[in-house]
Amino acid sequence: MAVVVKSYLTPADEMMGIAQDIQQLIQQGSIQPNEIAVIYHENKYLDDIAEYLQYEQIPFKLVRNENLLRNYFIQQVILLFEWIAYEAEYPGRADHHLYKLLHFRWFGLDAEMIARMHIKYVKLYNIGQKSFYLFIHEQLEKDKESLAAEEMSKWQSVINLLGKWLGDVYSEPLQYFFCKVLAESGILRLASQADDRYYLIHLLKTLFDFLKAENERNPDLDLRKWIDVIRKMESYRLSIPCVSQMGNDNAVQLLTAHGAKGLEFDYVFIGGCWETNWEKKSGGGIGFALPPNLKSSMMNMQEDGAKIEDKRRLFYVALTRARKQVTISYAEQDKDKKTINRSRFVDEINIPPQVVERNQKSIGEFNFKSLHSRLYADIHKQYSEQFIKQLIAHFRINPTALNKYLYCPRSFFYESLLQVPQAQQAHSIYGQAMHHALKHVAKRFQQENLLNIDQAKDDFEWYMNRHRYHFTADDLRRRLEHGKQVLEKYLNDVFPKWGKVKQVEEDYQAQLGHIPIKGRIDKVEIHDGQIRVVDYKTGNPDRAGNKLKRYELGAVKQKQDDYDYWIQAIFYAILLRKNGIVVNEVFFDFVEPNGQQEFIPKIINVDDEAIETVSKCIECVWEKIQSQVFPNCEHDDCVWCSFEQSLSTDVLPLLSTDEEPSW
């Protein structure tokens, strides 16, 4: 058996190289695809190499042990049921779901039609004042003349379906209702007519089997309780196992090292042979989240159990699957261009590596044709240029929008221009309640020169109770207790240091050259004769480091909140200067104490260089907005890019097969 070792620059180069080597073997004519195997340590890399094989039109077979809850198609199905459960219980609570699910292709609505309806909704109502579903229902009754006949018909069909499900959800048995929605929505028809129909139907069957098993364990299970089970599983990183198979037997076999045991092939490619993939694999191997008090001891147990010999044996299992030739490969850099070390097991083979030159043309074509054009649709294919111009026409840029664009322009498009409602997280409501209480403290102090801590706690509790549907009963009780304690401690400690309050939650607007800007400032006070701008923060002050970092023009946000506070502070200073108020410092006043139980504000100094940097940043972003440039980002945690990817693919992009699978 021949052994070849190859070194590539990046994992992308490596996968492209493996795909092209396989293509050359098959083109020889004497080698069948099913005599070739690609082996990686983990399933996720098999998904990646599948992309490259598909790009080169190489048939492959992949048997995947996947988590059903992370499949795009199933996520869409669950989202639909979650909206039904929440809307039936409290209208408007899941509006952020409705906007997304209306885009799912089984409803047949186009994106601009949905956006126009939502913009009308935002103009007439504050978010939360009336549910988006009820608004659409009313509009179809009121404005029949303003909608084209085809558009009216599409909307009416969808709204009638949603209304029917809201009426039936708690009057019919859960399992029957589940199947009924799949049938009436068109989900089942869509799945049964797709190229990968066996795969999609298998996913739906697995989800139904899970529902049935939960229902048997709990005969009183209803839709809301079932959704709660799923979300709790996700929070603890628990999975619904699903074994699925794509491709047929006469194809290149994609396997993990564990899955390759007992099998043999003429040609084997072992990819991803770098240190962190094998002997220094990081992360918990138990597959679910642990309580903090168990985490450290469990990690020690994992270290004791992770014997290097076991890993070496697994590597040699992969190595000995080849009858004629095995090609071992690794990358020199990760996707962020950081140097990575090859596995020690490669060194132990003691074969000099062949350094493969980068095929820039192939990588570039793959990225453009296979990834960007397929995963992320051009925004102008979804929305007309005129429609986007209307969105931009009256837009004023604020610190939140600026920070959002710097992280992900496409998220900015959805959240700042379209103003799509977002899920209200419990910690967000808590922060709003704290701001509400402090606003009234400042106003009373401004008007009456009084501090009433009990009234402040009552204001906090009133806001929390008004939005109590965002919390579980235990969570509400715990947050109320904590919030009152923190509020009292904060006011006792910090209030004596307040200056004279001049303004409370004041909205400012200005022109930066030709650019309209705006912002709302929590508090402006006079302290020792100086103007002080104060912004309240309810997060952990010890974790604010990356938010307070000074921004340099052109810097890329690696994390969503990188530079946020610093940019916000300088933006406020620019806004106030344009209104004739010179500010030299901006205070971020943390309501939560630090690790030493102290309340110490974070202060951003305003200098001319900072003003110039943020001014240029605003100008650059504004020009891109006016040019309708809203590209997708490459961040794994981006909600809107993931949303668009799910609409484009529904499931992971794999070769379809007409053969019925073996399950």
Side-chain angles (χ1 to χ4, degrees), residues 336 397-412 415-416 422-435 438 482-483 486 490 494 505 508 517-524 532-576 583-607 609-618 620-621 633-641:
D336 297 320
I397 197 161
N398 59 36
T400 300
L402 178 61
N403 274 311
K404 199 176 296 294
Y405 191 98
L406 291 174
Y407 183 71
C408 176
R410 191 59 63 93
S411 291
F412 163 87
E415 295 180 17
S416 298
Q422 300 302 298
Q424 290 274 38
Q425 302 293 332
H427 63 82
S428 176
I429 298 297
Y430 173 86
Q432 292 170 28
M434 197 64 75
H435 272 76
L438 291 171
H482 175 75
V486 165
Y490 167 81
V494 175
E505 287 203 6
Y508 287 90
I517 60 176
K518 68 176 184 178
R520 173 174 290 183
I521 296 176
D522 287 345
K523 185 175 63 171
V524 177
R532 176 181 290 180
V533 174
V534 178
D535 191 88
Y536 301 121
K537 297 299 181 187
T538 55
N540 187 333
D542 294 328
R543 297 178 184 172
N546 62 311
K547 302 176 187 180
L548 294 162
K549 289 188 299 187
R550 188 182 182 101
Y551 175 77
E552 300 295 338
L553 202 61
V556 176
K557 283 191 169 199
Q558 298 300 328
K559 295 181 180 178
Q560 188 167 356
D561 54 7
D562 278 352
Y563 318 112
D564 274 8
Y565 292 175
W566 190 86
I567 289 175
Q568 179 187 0
I570 306 305
F571 193 108
Y572 282 165
I574 293 170
L575 189 60
L576 289 170
V583 176
N584 297 317
E585 293 178 331
V586 175
F587 280 62
F588 289 110
D589 214 355
F590 286 85
V591 184
E592 294 284 334
N594 61 20
Q596 288 73 45
Q597 294 303 300
E598 298 171 322
F599 294 94
I600 300 178
K602 304 292 185 180
I603 304 171
I604 301 295
N605 294 311
V606 180
D607 54 53
E609 184 181 350
I611 293 286
E612 184 179 1
T613 295
V614 175
S615 296
K616 287 183 177 179
C617 181
I618 293 170
C620 179
V621 167
C633 69
E634 297 182 359
H635 299 104
D636 294 335
D637 61 348
C638 180
V639 172
W640 287 109
C641 290

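Heavy atoms only: backbone and side chains are in, while hydrogens, waters and symmetry mates are out.
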Side chains of P601 and F587: closer than 4.5 Å at any heavy-atom pair? yes
Between E552 and Y563, is any pair of side-chain heavy atoms under 4.5 Å apart?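 The answer is no; the side chains never approach within 4.5 Å.
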ring-ring contact (aromatic ring centres under 6.0 Å, His included) involving H635 - partner list, sequence neighbours excluded: Y407
List in chain and number order the residues that pass side chain to side chain contact (heavy atoms under 4.5 Å, CB included) with [X], two or more places apart in sequence or in another chain; answer none if no residue qualifies.
X: S416; result: F395, A401, K404, F412
X: A544; result: L548, Y565, F590
X: D562; result: N546, K549, K557, Q558, K559

Going by the rule salt bridge (Lys or Arg N to Asp or Glu O under 4.0 Å), which residues pair with K518 if we only count those two or more places apart in sequence or in a different chain?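 K518 satisfies salt bridge (Lys or Arg N to Asp or Glu O under 4.0 Å) with no other residue.
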Using the test salt bridge (Lys or Arg N to Asp or Glu O under 4.0 Å), find all partners of D607 that sit at least two apart in sequence or belong to another chain. R550
Taking only residues two or more places apart in sequence, or in another chain, which ones meet [X] in a side chain to side chain donor-acceptor pair (under 3.5 Å)?
X: D589; answer: Y490
X: N584; answer: none
X: Y430; answer: E592
X: Q568; answer: D535, K537, Y572

Least distance between heavy atoms, [X] atom then [Y] atom:
X: C633; Y: C641; result: N-SG, 3.4 Å
X: F571; Y: I517; result: CZ-CB, 3.8 Å
X: I611; Y: A573; result: CD1-CB, 4.1 Å
X: I574; Y: S615; result: CD1-OG, 3.4 Å
X: I521; Y: V534; result: CG2-O, 4.3 Å
X: W566; Y: A610; result: CZ2-CB, 3.5 Å

Once you round to the nearest 0.5 Å, how far does NZ of K547 lie from CG of D561? 5.0 Å
NE2 of H435 to CD of E505: how many Å apart, nearest 0.5 Å?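 Spacing of NE2 (H435) from CD (E505) equals 7.0 Å.
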Begin from the C-alpha positions of V533 and V586 and carry the test side-chain contact (heavy atoms from CB on, under 4.5 Å) through to its verdict. CA-CA 5 Å; V533 174; V586 175; 4.2 Å; yes
Start with the C-alpha distance between C617 and Y551, add both sets of side-chain angles, then the distance that settles side-chain contact (heavy atoms from CB on, under 4.5 Å), and finish with yes or no. CA-CA 10 Å; C617 181; Y551 175 77; 3.9 Å; yes
Scan residues 594-605 for pairs that pass side chain to side chain donor-acceptor pair (under 3.5 Å), counting only residues two or more places apart or in two chains. none
Go through N403 and T400 one step at a time and tell me if the side-chain contact (heavy atoms from CB on, under 4.5 Å) criterion holds. CA-CA 5 Å; N403 274 311; T400 300; over 6 Å; no
Please test C620 against L553 for side-chain contact (heavy atoms from CB on, under 4.5 Å), starting from the C-alpha separation and ending with a verdict. CA-CA 10 Å; C620 179; L553 202 61; 5.8 Å; no
Which of these passes side chain to side chain contact (heavy atoms under 4.5 Å, CB included) with I570: L575, T613, I618, I604?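 Checked L575, T613, I618, I604 against I570; only one passes side chain to side chain contact (heavy atoms under 4.5 Å, CB included): I604.
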